[in-house]
Q: 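Handing you this structure, nothing more for now.
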2 protein chains.
Amino acid sequence: MGITKSQIFTERQNDLAQFFKVLGHPARVAILQYISKQNACICNDLVDEIGLAQATISQHLKELKSIGLLKGEVEGKSMCYCINVERWTELQNELNTFFNKTKSNCC
Amino acid sequence: MGITKSQIFTERQNDLAQFFKVLGHPARVAILQYISKQNACICNDLVDEIGLAQATISQHLKELKSIGLLKGEVEGKSMCYCINVERWTELQNELNTFFNKTKSNCC
DNA sequence: TTTATATATTGCAATATTACGATAATAAAA
DNA sequence: TTTTATTATCGTAATATTGCAATATATAAA
């Protein structure tokens, strides 16, 4: 036990949940907000800005990358992490579809 | 370690993350979809429909209730769980605000 | 009241997540 | 090449989540 039974759900249910899960940590919400405010970003800024260890920030960035929300480019000896706007919009649309479909009246 | 450092984030960041987190499990996505499809619901249906133990379903329902997404009414010896449409719409709006604010171009 | 049915709670084992120090990897600067 | 700066990865401890059996609670039916 303790393991999520992904196999009993549809691919779409797992994908939606995975996406929500990645956004389900305040550090990752904060990272996205900060990056968008800067219009550019290097990881080291985030360590100062957010107040978590460098290893921890790096790990959170990896998760945001895993669902395609961030793209990173090497820029000298830093990384330039940015929001992948296309993916971002795509996910926003999927979310709204989910919300609109699920909305219903009963009771 | 191992504990999320909520105190270093804003209330809004924590709230948004908490909301995403609750939706971040395929069983809870499936529950919401199923309830909305039925326009009414009793927990026992969900056990058959989703294929998790009764105790597990009950726990997931509790989490959905914790962020106000579901409201439950006693109906005879069953429960009638329904989507709280007002809360649902409210959260959809908050999400869109977050998405629109965060969307930006760089790199 | 007793029994049956539906849901909630408790306790626990398995697994996942969070956080961080240490260290590796990479690339610019000296 | 050596040093410095930046980011990634590894290993590990603390905590959280998932799932379920067992049990408690609550209500309808007998």
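Just so we're on the same page: letters track the sequence lines, and every chain starts at 1.
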Q: Checking all strands, does A/Ile57 fall into the base, sugar-phosphate, or nothing category for heavy-atom contacts under 4.0 angstrom?
A: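 A/Ile57: no heavy atom of the nucleic acid under 4.0 Å.
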Q: Does B/His60 place a side-chain N or O at less than 4.0 Å from the phosphate oxygens OP1/OP2 of D/dT17?
A: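 No, B/His60 has no side-chain N/O under 4.0 Å of OP1/OP2 on D/dT17.
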Q: Pull out every residue in residues 7-25 of chain B that has a heavy atom closer than 4.0 Å to any atom of DNA chain D, ordered by number, or say none.
A: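 Contacting residues: B/Lys21, B/His25.
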Q: Would you check, one step at a time, whether the test side-chain contact (heavy atoms from CB on, under 4.5 Å) holds for B/Leu69 with B/Phe19?
A: CA-CA 10 Å; B/Leu69 273 190; B/Phe19 164 59; 4.2 Å; yes
Q: Charged N to carboxylate O under 4.0 angstrom, B/Lys21 versus B/Glu63?
A: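 No, B/Lys21 and B/Glu63 are not salt-bridged.
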Q: Heavy-atom distance under 4.5 Å between the side chains of B/Leu23 and B/Leu32, does that happen here?
A: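 Contact flag for B/Leu23/B/Leu32 side chains = yes.
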Q: A/Lys65 has an atom NZ; how far is it from atom C1' of D/dT9, in whole Å?
A: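 Going from A/Lys65 (NZ) to D/dT9 (C1'), I get 12 Å.
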Q: With distance as the sole test, does A/Thr102 use its side chain to make a donor-acceptor pair with the main-chain N or O of A/Phe99 at under 3.5 Å?
A: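 A pair under 3.5 Å: no.
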Q: Nearest whole angstrom, please: distance from the C1' of C/dA6 to the CD of B/Glu73.
A: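 To the nearest whole Å, that distance equals 17 Å.
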Q: Side chain of A/Thr4 only, please: which of C/dA19, D/dT18, C/dA8 is the nearest?
A: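 In terms of side-chain proximity for A/Thr4, the closest of C/dA19, D/dT18, C/dA8 is D/dT18.
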Q: Rounded to whole Å, please give me the gap between NZ in A/Lys62 and P in C/dT18.
A: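 Result: 13 Å.
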Q: Give one of base, sugar-phosphate or nothing for A/Ser58, where a contact means two heavy atoms less than 4.0 Å apart.
A: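 Answer is base: heavy atoms of A/Ser58 come under 4.0 Å of a base.
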Q: For the residue pair A/Phe20 and B/Val22, establish whether any side-chain heavy-atom pair is separated by less than 4.5 Å.
A: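 No, side chains not in contact.
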Q: Please determine if a side-chain N or O atom of A/Asn44 lies less than 4.0 Å away from the OP1 or OP2 oxygen of D/dA5.
A: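 Checking A/Asn44 against D/dA5: no side-chain N or O falls below 4.0 Å of OP1 or OP2.
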Q: Which parts of nucleotides 21-30 of chain D does protein reach within less than 4.0 Å, heavy atoms only, written one letter per nucleotide 5' to 3' as B for base, S for sugar-phosphate only and - for none?
A: BB----BS--
Q: Atom CG of A/Leu70 and atom P of D/dA8: how far apart are they, to the nearest Å?
A: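 In whole Å, D/dA8 P lies 11 Å from A/Leu70 CG.
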Q: Taking only side-chain nitrogens and oxygens of A/Tyr81, does any of them come within less than 4.0 Å of OP1 or OP2 of D/dT6?
A: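 For D/dT6, OP1/OP2 do not have a side-chain N/O of A/Tyr81 under 4.0 Å.
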Q: Under 3.5 Å, is there a donor-acceptor pair linking the side chains of A/Glu75 and A/Ser78?
A: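 Checked: A/Glu75/A/Ser78 side chains show no N/O donor-acceptor pair below 3.5 Å.
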Q: Tell me which pairs pass side-chain hydrogen bond (donor to acceptor under 3.5 Å, both in side chains) where either residue lies in residues 43-61 of chain B, with sequence neighbours left out.
A: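 Found B/Arg28-B/His60.
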Q: Any heavy-atom pair between the side chains of A/Val74 and A/Met79 that's under 4.5 Å?
A: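 Result yes, sub-4.5 Å side-chain heavy-atom pair found.
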Q: CD1 of A/Ile50 versus P of D/dT7: gap in Å, rounded?
A: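 One finds 13 Å between P of D/dT7 and CD1 of A/Ile50, rounded.
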Q: Take atom CD of A/Gln7 as the centre, draw a 6.0 Å sphere, and report whether it contains more than 12 heavy atoms from other residues, nucleotides or ligands.
A: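 Buried by this count: over 12 neighbours within 6.0 Å.
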Q: Please report the distance, rounded to the nearest Å, between CD1 in B/Ile3 and P in C/dT18.
A: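 Spelled out: CD1 on B/Ile3 to P on C/dT18 is 12 Å.
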Q: Without decimals, in angstroms, what is the distance between B/Lys5 NZ and D/dA16 P?
A: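 Rounding to the nearest Å, NZ of B/Lys5 and P of D/dA16 are 14 Å apart.
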Q: Starting at the 5' end of DNA chain C, which residue's closest nucleotide do you reach first, B/Ile42 or A/Arg28?
A: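 Here B/Ile42 is the residue nearer the 5' end.
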Q: Are the side chains of B/Phe9 and A/Val29 in contact, using a 4.5 Å heavy-atom criterion?
A: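 No, side chains not in contact.
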Q: Expressed in angstrom and rounded to an integer, what is the separation of A/Leu46 atom CG from D/dA8 atom C1'?
A: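 Taking atom C1' of D/dA8 as the reference, CG of A/Leu46 is at 15 Å.
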